[in-house]
Amino acid sequence: MTTILETKISRRAFLQTTGALSFSFTLAGKATGAFAQDAAARFNAWVSIGADGTISVMVPVAEMGQGAVTSLPLILAEELDADWSKVTYQFAPPIAKVYGNYHPLFGGAMVTAASISTPGYWTSLRLAGAQARRVLLDNVAQQWGVPVSELTTEPSMVVHKASGRRISYGDVVKFAKVPEAPPQITEADLKKPAQFRLIGREDIQRVDVPSKTNGSAKYGIDVRLPGMLYASVLESPYEGAKAAQVNSEDAMKVPGVKRVLPLPFGVAVIADSVHGANKGRRALKVKWDGGGNPNASFDSEKALAEYARNAKDPNAKAMTAFEKGDARAALGSSAKTLEAEYSSVHCYHAQMEPMNCVARVSADGQSAEVWTGTQSNALAAFVASNVLKTTPDKIRVHQQLLGGGYGRRIWPDAVAQAVVLANITKEPIKLILTREDDLTAARPRPMTYHTIKAGLDGSGNLVAWHHRLVSENVDAVAAPPRFKATGGKDVIGWRGLEQPFYGVPNMLAEAVREQRGVRVHAWRGIGSGYNKFVSESFLDEIAHATGKDPLALRLELTKDHPRAQAVIKAVAEMADWKKPRGKDRALGIAFSDYHESFSAGIAEISLDRKTGRIKVHDYWIAGDAGIVVQPENAHAQLEGAVVYGLGSALTEELTYKDGAVQQSNFHDYRLIRMSDMPQIHTKIIVTDNSPTGLGELGVPTVAPAIGNAVFKLTGKRLRQLPMSASRVSATLKA
């Protein structure tokens, strides 16, 4: 097996997560060393066991359809040797010091993003489970007067094989004492993959699915409190826009409308029903004042032309994102050079559940409770505390299921708005944005422009690579502390510029920052969604220019990386790459790495040359994300990511004029329809490497695979996302 960078957690980091809450527990209001008959014993910050054998695992991330409330408890349960039927979960409170993700990308932040929940918590959850198991064994050894080395465990049972004695975890809790100092557990004490009993089993289903299929699941939008009022907000069209004139007369005539409140983020209507709030919002007449704000003049079409000029300007200020060798010198001495330009537009997250939050603020305005589906309950608590000028520990966040996140629910603007309104009214407030206001308040994937160059030697070998990205910096908006700490780098938006698995000796990727005031944010697949479209499309151009098969070129460039080769070979076999498709169909291929995971995709397409509409008939994808906790869910994650990738590749387009989003709902922001869907074929390659994440792995290869198939069919290269029918028609006519 090849090895890759594994996510490690330091002993200090682990002790922070297991020790901070580890050995304090309350029984009927008292702290004690032994557990009462009906008590739940907390063995560390992550797990408690009840006298009835119920095992409760803390889940520090959001559940937005990715299966986290199953996979993370499953990891801990594996090392605890738990009976899975007795395992349940609860969402962890927003205490980042205890429940933060110590993946290198997050460094202890408590956030659900970038497909790194499983890799980020893999080690700490396993150590916590093993630690709790050892406490159980030590207690039984003392109770029975036998050496702990003679004890073993079976699912939720401690067993002494020599005497045949057995005792359930629940019964152990009745006499167990948790030591003040936790048992010393190291990674060497953990199970080897061959010993896994729960991880990797196909028959273990997601625990959240039954409630989602019978309608009992509770999302943020379902929360109701006694005496609750409802709010709808006519969102400001861009950052900094203020309501200069508000005609609220018609809104106040709507039955049930209580108040109309002009605020910095828009104009809110408070009513005693959802219907009243929305009807009042529609009745508002508002004139917005940009106050000289440059955001007010943003025009995405005009700006893209300016991006293009900066992409080609050698004097534009560029920061290095990835470098190997000396690409500029190698380009200058190459026997042949190739150049191309690509671009992409803004994309809306289009999550099924519009942004919402319920907030209740104390009478003194110094504490609050919020009920919401958020990708970062710690950030939600922090922002709510800032609104009230208090501290995050005074904010209780009730985490709800998310009806789609994709990065949009990281930013807690709905929380801030709901807390502001609840603080003004001193009544519980339920804020629900209409789809129109959700689009107005969009925090989209950034618009981008790219120039890319390659140098070939006299034998046609690729020896130089230079990729320049021009876009707004996502980290500057979404992660200001990291943006500052890295000196202005964009960890989110630059993802995918790096090319560590292609054996090109001289490579340079750089980025030019634009500042246009758009509220950009993380979007599923982050920068890889557009950066891999560019690099994988350009690689096909190189293959065509050198007379090489696109599959063969990728295998040639990845010859030193067996895992990369494995997914490329697997998808070629799945799609039967060399099989003739006839004159009306064609295949395109693409490869991508993503946070040390690997995927390769092949699209089979046809084209209506009259309308310019691309039809994807089949899409094959192979992925390797190391150890797979839930195989069935892994396939579902790849499938869902492909669907998301199809939308941004073919139809989704957000445009701006005078600073404002021009689309208002799904009639003019077109998502993929069921009739557009191809057959999706997935293959998961399981290796013994630590898990590296699957949720976004399927996105990056979709667009380039489709574009490469179109080129194979027509000889025309599509250079902008989305590859809409109008763009395809224009390209065919050019």
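We're numbering straight along the sequence, starting at 1.
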Under 3.5 Å, is there a donor-acceptor pair between the Glu341 and Tyr449 side chains? yes
Do the side chain of Lys716 and the main chain of Ala734 share a donor and acceptor less than 3.5 angstrom apart? yes
Working note: Asn101 + Tyr121, criterion side chain to side chain contact (heavy atoms under 4.5 Å, CB included); need CA distance, chi angles, decisive distance, verdict. CA-CA 6 Å; Asn101 188 328; Tyr121 290 105; 3.6 Å; yes
Quick check against the 3.5 Å criterion: does Asp624 have a side-chain atom that pairs as donor or acceptor with the backbone of Phe598? no
Stepwise, does the salt bridge (charged side-chain N to carboxylate O under 4.0 Å, His left out) test hold for Glu604 with Lys579? CA-CA 12 Å; Glu604 180 173 358; Lys579 177 184 175 181; over 6 Å; no
For the CG atom of Leu732 and the CZ atom of Arg727, what is their distance to the nearest 0.5 Å? 14.0 Å
Assess the side chains of Ser344 and Gln720: does a donor N or O sit below 3.5 Å from an acceptor N or O? no
Geometric class of the Trp523/Tyr644 ring pair [parallel <30°, tilted 30-60°, perpendicular >60°]: tilted
Evaluate salt bridge (charged side-chain N to carboxylate O under 4.0 Å, His left out) for Asp676 paired with Arg670, printing each intermediate quantity in order. CA-CA 12 Å; Asp676 300 323; Arg670 191 181 185 282; 3.2 Å; yes
Any Gln565 side-chain heavy atom under 4.5 Å of Leu555 side chain: yes
Salt bridge (charged side-chain N to carboxylate O under 4.0 Å, His left out), paired with Glu78, selected from Lys191, Arg197, Arg126: Lys191
Answer yes if the side chains of Asn473 and Trp494 hold a donor-acceptor pair under 3.5 Å, and no otherwise. no
Please lay out, stage by stage, how Asp457 and Lys336 fare under the test side chain to side chain contact (heavy atoms under 4.5 Å, CB included). CA-CA 7 Å; Asp457 66 16; Lys336 182 179 181 180; over 6 Å; no
With under 30° as parallel and over 60° as perpendicular, where do the rings of Trp411 and His521 fit, or are they tilted in between? tilted
Over 12 non-hydrogen atoms of neighbours within 6.0 angstrom of NZ in Lys578: no
Has the side chain of Tyr619 got a donor or acceptor atom that lies under 3.5 Å from a matching backbone atom of Val642? no
Shortest non-hydrogen contact between Leu72 and Leu125, atoms and distance: O-CD1, 3.6 Å
Evaluate the side chain to side chain donor-acceptor pair (under 3.5 Å) criterion for residues Ser606 and His617: first the C-alpha distance (whole Å), next the side-chain angles of each, then the deciding distance (0.1 Å), finally the verdict. CA-CA 7 Å; Ser606 65; His617 298 275; 2.6 Å; yes
Is the backbone N or O of Gly496 less than 3.5 Å from a side-chain atom of Glu498, with the two atoms forming a donor-acceptor pair by type? yes
Closest non-hydrogen atom pair between Leu607 and Ile614, with its separation: CD1-CG1, 3.9 Å
When you measure from the side chain of Asn506 to the backbone N and O of Gly325, does any donor-acceptor pair fall under 3.5 Å? no
Can you confirm whether more than 12 heavy atoms, excluding those of Gln195, are under 6.0 Å from its CD atom? yes
If every non-hydrogen atom of Glu653 is compared with every non-hydrogen atom of Gln663, which pair is closest and at what distance? O-CD, 3.6 Å
Measuring centre to centre across the rings, with the benzene-like ring taken for any Trp, is Phe711 within less than 6.0 Å of His544? yes
Relative to the ring of Trp122, is the ring of Phe196 parallel (under 30°), tilted (30 to 60°) or perpendicular (over 60°)? perpendicular
Shortest non-hydrogen contact between Ala703 and Met723, atoms and distance: O-CE, 3.4 Å
Do we see a donor-acceptor contact under 3.5 Å between the side chains of Thr701 and Tyr594? no
Atom pair CZ (Arg445) and CD1 (Ile492), whose distance is rounded to the nearest 0.5 Å: 13.5 Å
To the nearest 0.5 angstrom, please state how far the CG atom of Leu721 sits from the CD atom of Glu652. 11.0 Å
Testing the 3.5 Å rule here: is there a donor-acceptor pair between the side chains of Arg206 and Asn633? yes
Taking atom NE2 of His681 and atom CD1 of Ile602, what is their separation to the nearest 0.5 Å? 11.0 Å
If we ignore angles and hydrogens, is there a donor and acceptor under 3.5 Å between the side chains of Thr374 and Ser376? no
Sub-4.5 Å side-chain heavy-atom contact between Asp549 and Trp577: yes
Check each of Leu587, Leu713, Asp540 against Asn708 using the side-chain contact (heavy atoms from CB on, under 4.5 Å) test, and report the only one that passes. Asp540
Can a side-chain donor-acceptor contact be found between Thr692 and Ser597 if the only test is distance below 3.5 angstrom? yes
Treating Ser537 as the side-chain partner and Val534 as the backbone partner, does any N or O pair qualify as donor plus acceptor under 3.5 Å? no
Measuring from atom CD of Gln205 to atom OG1 of Thr70, what distance do you get when rounded to the nearest 0.5 angstrom? 9.5 Å
Flag yes if more than 12 heavy atoms outside Glu573 fall under 6.0 Å of its CD atom; otherwise flag no. no
Does the side chain of Glu510 come under 3.5 Å of the side chain of Thr320 through a donor N or O and an acceptor N or O? no
Backbone of Ala522 reached by a side-chain donor or acceptor of His349 within 3.5 Å: yes
Consider only side-chain N and O atoms of His467 and Gln499, and report whether a donor and an acceptor are under 3.5 Å apart. no
Considering all heavy atoms, the nearest Val61-Ser117 contact: CG1-OG, 3.5 Å
If only atom types and distance count, is the side chain of Gln66 paired as donor or acceptor with the main-chain N or O of Ala62 below 3.5 Å? yes
Test ring pair (Phe, Tyr, Trp, His ring centres under 6.0 Å) on Tyr502 and Phe591 and set out the steps. CA-CA 10 Å; Tyr502 281 153; Phe591 162 77; 5.7 Å; yes
Can you list the residues that meet the side-chain contact (heavy atoms from CB on, under 4.5 Å) rule with Glu639, with sequence neighbours excluded? Ile680, Thr682
Looking at every non-hydrogen atom in both residues, tell me the closest pair between Ala709 and Ala586 and how far apart they are. O-CB, 3.4 Å
Looking at the rings of Trp465 and Phe538, which for Trp means the six-membered one, are their centres under 6.0 Å apart? yes
d(Ile204 CD1, Ile199 CD1) to nearest 0.5 Å is 9.5 Å
Examine His450 together with Tyr342 and report whether their ring centres are nearer than 6.0 Å. no
Residue pair Leu304 / Ser343, side-chain heavy-atom distance below 4.5 Å: yes
Check: Gln375 side chain, Arg409 main-chain N or O, donor-acceptor pair, under 3.5 Å: yes
Within the 4.5 Å heavy-atom criterion, are Val686 and Ile684 side-chain neighbours or not? yes
Main-chain N/O of Gly626 paired to Asp688 side chain as donor or acceptor, under 3.5 Å: no
With side chain to side chain donor-acceptor pair (under 3.5 Å) as the test, pick out the partner of Asp593 among His561, Arg563, Lys532. Lys532
